[in-house]
Enquirer: 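Submitted below is the structure of interest, expressed as structure tokens.
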Amino acid sequence: QVQLVESGGGLVQAGGSLRLSCAASGRTFKTYAMGWFRQAPGKEREFVAGISRIGVRANYADSVKDRFTISRDNAKNTVYLQMNSLKPEDTGVYYCAATSVVYGASRAVEYDYWGQGTQVTVSS
């Protein structure tokens, strides 16, 4: 069982930056690959970024590639999402999630545990 708590969301102007954090409980954090998803009002939840168990490999949605960076610190049981050059279309609730899939999971159904989400709003 893994419990996930996101933080770091907020209101930012277009072109700005935010850093999201996701703190995980339990000793098994390093056995899970992690991912970030987001959901805008009226839209389906979409994959943003994923990272392997020890953080060697990462994958991104095309819409955020070269702007967002996912990372993790297994000593702190925390995964991060650094978001730069934010756009209004990045607005939504951001969720972190844990998966037992080794790497590359990009569908929500592949993830076993979810946080409660943190709101990110980018104004134009």
Enquirer: Ignoring hydrogens, what is the shortest heavy-atom contact between Ala108 and Trp114? Give both atom names and the distance.
Expert: O-CZ2, 3.5 Å
Enquirer: Among the clusters formed by ILVMFWY side chains lying less than 4.5 Å apart, do Val79 and Tyr113 turn up in the same one?
Expert: yes
Enquirer: Applying the 4.5 Å side-chain criterion to the ILVMFWY set and letting contacts propagate, would Tyr80 and Phe37 be lumped into a single cluster?
Expert: no
Enquirer: Give the minimum heavy-atom separation between Val120 and Leu20, together with the two atoms involved.
Expert: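 The pair with the smallest heavy-atom distance is CG2-CD2, 4.1 Å.
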Enquirer: Is a side-chain donor or acceptor of Ser25 paired with a backbone partner of Gln3 at a separation under 3.5 angstrom?
Expert: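 Yes; judged by distance alone, with no hydrogens or angles, the pair exists.
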Enquirer: Quick one: closest heavy-atom pair of Ala24 and Val2, and the distance?
Expert: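 The pair with the smallest heavy-atom distance is CB-CG1, 4.1 Å.
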Enquirer: Looking only at heavy atoms, which two atoms of Leu4 and Met34 are closest? And how far apart?
Expert: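 What the structure gives for the nearest pair is CD2-CE, 3.9 Å.
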Enquirer: What pair of heavy atoms forms the shortest contact from Ser85 to Asp90, and how long is it?
Expert: O-OD2, 4.4 Å
Enquirer: For residues Ala14 and Pro88, report the shortest heavy-atom separation together with the two atoms involved.
Expert: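 Minimum heavy-atom separation between Ala14 and Pro88: CB-CD, 4.1 Å.
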Enquirer: Going through the checks in order, is the side chain to side chain contact (heavy atoms under 4.5 Å, CB included) test met by Met83 and Val64?
Expert: CA-CA 8 Å; Met83 305 186 294; Val64 306; over 6 Å; no
Enquirer: Show your working on side chain to side chain contact (heavy atoms under 4.5 Å, CB included) between Tyr60 and Thr69 and close with a plain yes or no.
Expert: CA-CA 8 Å; Tyr60 299 91; Thr69 302; 3.8 Å; yes
Enquirer: Relative to each other, are the rings of Phe68 and Tyr94 parallel, tilted or perpendicular (30° and 60° limits)?
Expert: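 Taking Tyr94 first and then Phe68, their aromatic rings sit tilted (interplane angle of 30° to 60°).
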Enquirer: Without swapping roles, check the side chain of Thr91 against the backbone of Val122 for a donor-acceptor pair under 3.5 Å.
Expert: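 Looks like yes, one N/O pair under 3.5 Å.
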Enquirer: Can a salt bridge be assigned to the pair Lys65 and Asp62 using a cut-off of 4.0 Å between side-chain N and carboxylate O?
Expert: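 Answer for the salt bridge query: yes.
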Enquirer: Does the Tyr111 side chain pair with the main chain of Ala105, one donor and one acceptor, at a distance under 3.5 Å?
Expert: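 It does hold such a pair.
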Enquirer: Is a donor on one side and an acceptor on the other found under 3.5 Å between the side chain of Arg72 and the backbone of Ser52?
Expert: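 Yes, the answer is positive, given that a donor and an acceptor are paired below the 3.5 Å cut-off.
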Enquirer: I'd like to know if the side chain of Glu6 reaches the main chain of Cys22, judged simply by a donor and an acceptor atom lying under 3.5 Å from each other, with no hydrogens or angles considered.
Expert: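 The answer is no, because no donor-acceptor pair under 3.5 Å joins these two groups.
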Enquirer: Under 3.5 Å, side chain of Arg53 to main-chain N/O of Val102, donor-acceptor pair present?
Expert: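 Not a single qualifying donor-acceptor pair exists.
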